Amino acid sequence: MAELGNPKNTIEILQKYDFRFQKKFGQNFLIDPRVLEKIVSAAQITKDDVVLEIGPGIGTMTQYLCESAGQVAAVEIDRNLIPILEDTLSAYDNVRIINEDILKTDLAALSQEYGGKAFKVVANLPYYITTPILMSLLEGHVPVKNITVMVQKEVADRMQIGPGRKDYGALSLGVQYYCEPYIVANVPPNCFMPRPKVGSAVIRLTLYEKPPVAVKDEKLMFTLIRASFNQRRKTLANGLYNSQELPYAKEEIAEAIAAAGLDAGVRGEALTLAQFAALADAFTERRG
Ligand code: SAM
């Protein structure tokens, strides 16, 4: 039984081990069984799946995952949590606890240990590193089927919006190139211990087999995207010209913008993913 979903049991465990929350690790533990059930059900986990959990904390969600998945690999950075996890997960023989920083974990090697099977990733993410974790999962070419995560509400919103909105940016385009986002639920601060200062949301990202737009040079497209949003207030042409990462002369930029069918004075924040792809292709074609 996943008994940690009950807040009383969570408090008991924290007291038993005299656990001190570490702010620097973004520790806000989930204490609402309805939210835990919602996350696990949105992740569409079956006994066939290998689940990668990022930041298991005291193992609350891990217990639910162990019950629904074939195998669970749980990567936790805080070594003070390891003896607690060994205790709370002692009833399950399908879980492996890995005491590492997820950003330094070799996930390709880890997936090989499970026969190269694509992971379903589930996490109540540490908010201080949401974007690097997600982008490394998406760009890292690690086999992943879907990613169901708790994030700050405004970050979840940013992942699914299009041009013309204030928060539209590199994260929106990065996420939408690789996957289809779906907001599962909004989650208020009182579902966590301690309570975060911001609202949260669960979002599921289902990875595309093939991106929704075709582009010849994916890396160049993302460099163009970053350059455009680094200088939001400038025109696209100026943003690209001022970027240290791009080698293009003013005339070359003007030609590529025209070749992509865009107005000379357009701002980067107005471009859709398909338009950034067309722009990247225009540069690639010009340079051969
Ligand atoms: N999953 C637990 C829950 O829902 O109650 C805990 C979630 S808490 C928001 C984030 C967890 O991620 C903490 O346990 C924290 O120690 C861990 N964490 C923070 N940074 C990490 C990193 N770089 N690699 C792995 N785990 C990390």
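Small disclaimer: the values here were computed from a predicted structure and weren't measured. Start at 1 with the first residue, then count along the sequence. Order of appearance sets the numbers: ligands from 1, and atoms from 1 within every ligand.
Neither side chain, E245 nor T223, offers a donor N or O lying under 3.5 Å from an acceptor on the other.
Within the 4.0 Å heavy-atom shell around ligand 1 one does not find M61.
By the 4.0 Å N-to-carboxylate-O rule, R158 lies close enough to E154 to be salt-bridged with it. Between E252 and R286 there is no salt bridge, since none of the side-chain N atoms of the basic residue sits less than 4.0 Å from a carboxylate O of the acidic one. Comment: D49 engages K145 in a salt bridge, judged by a side-chain N to carboxylate O separation of less than 4.0 angstrom. With respect to the salt-bridge test (charged N to carboxylate O, under 4.0 angstrom), the residues K219 and D217 do not qualify.
The proximity of Y128 to ligand 1, defined as any non-hydrogen pair under 4.0 Å, is limited to the side chain.
Taking each of P132, G55, G59, C191 in turn, the one with a heavy atom nearest to atom 11 (C) of ligand 1 proves to be G55.
Ligand 1 places these atoms under 4.0 Å from at least one heavy atom of D101: 22 (C), 23 (N), 24 (N). Residue contact check: P56 has heavy atoms under 4.0 Å from atoms 1 (N), 2 (C) of ligand 1. Those atoms of ligand 1 that come under 4.0 Å of a heavy atom in E53, given as number and element, are 1 (N). Close contacts of ligand 1 with N124, meaning ligand atoms under 4.0 Å from a residue heavy atom, involve 3 (C), 4 (O), 7 (C), 8 (S), 9 (C), 10 (C). Ligand-side atoms of ligand 1 in range of Q27: 13 (C), 15 (C), 16 (O), range being under 4.0 angstrom from any heavy atom. Distances below 4.0 Å separate heavy atoms of G26 from the following atoms of ligand 1: 8 (S), 9 (C), 10 (C). Short contacts between ligand 1 and E100, defined as distances under 4.0 Å to a heavy atom of the residue, involve ligand atoms 24 (N), 25 (C).
Not a single N or O atom of I129, backbone or side chain, sits closer than 3.5 Å to an N or O atom of ligand 1. For the pair I54 and ligand 1, the shortest N or O to N or O distance does not fall below 3.5 Å. Residue E76 has at least one N or O atom closer than 3.5 Å to an N or O atom of ligand 1.
Note that NZ of K38 and SG of C191 are 9.0 Å apart. Values are rounded to the nearest 0.5 Å. Between the CD1 atom of I225 and the OH atom of Y177 there is a distance of 9.5 Å, given to the nearest 0.5 Å.
Between F283 and Y248, the ring planes lie parallel to each other; the angle is under 30°, not in the 30° to 60° tilted range. Y178 and F222 have parallel rings, their planes meeting at less than 30° on a 0 to 90° scale where 60° marks the start of perpendicular.
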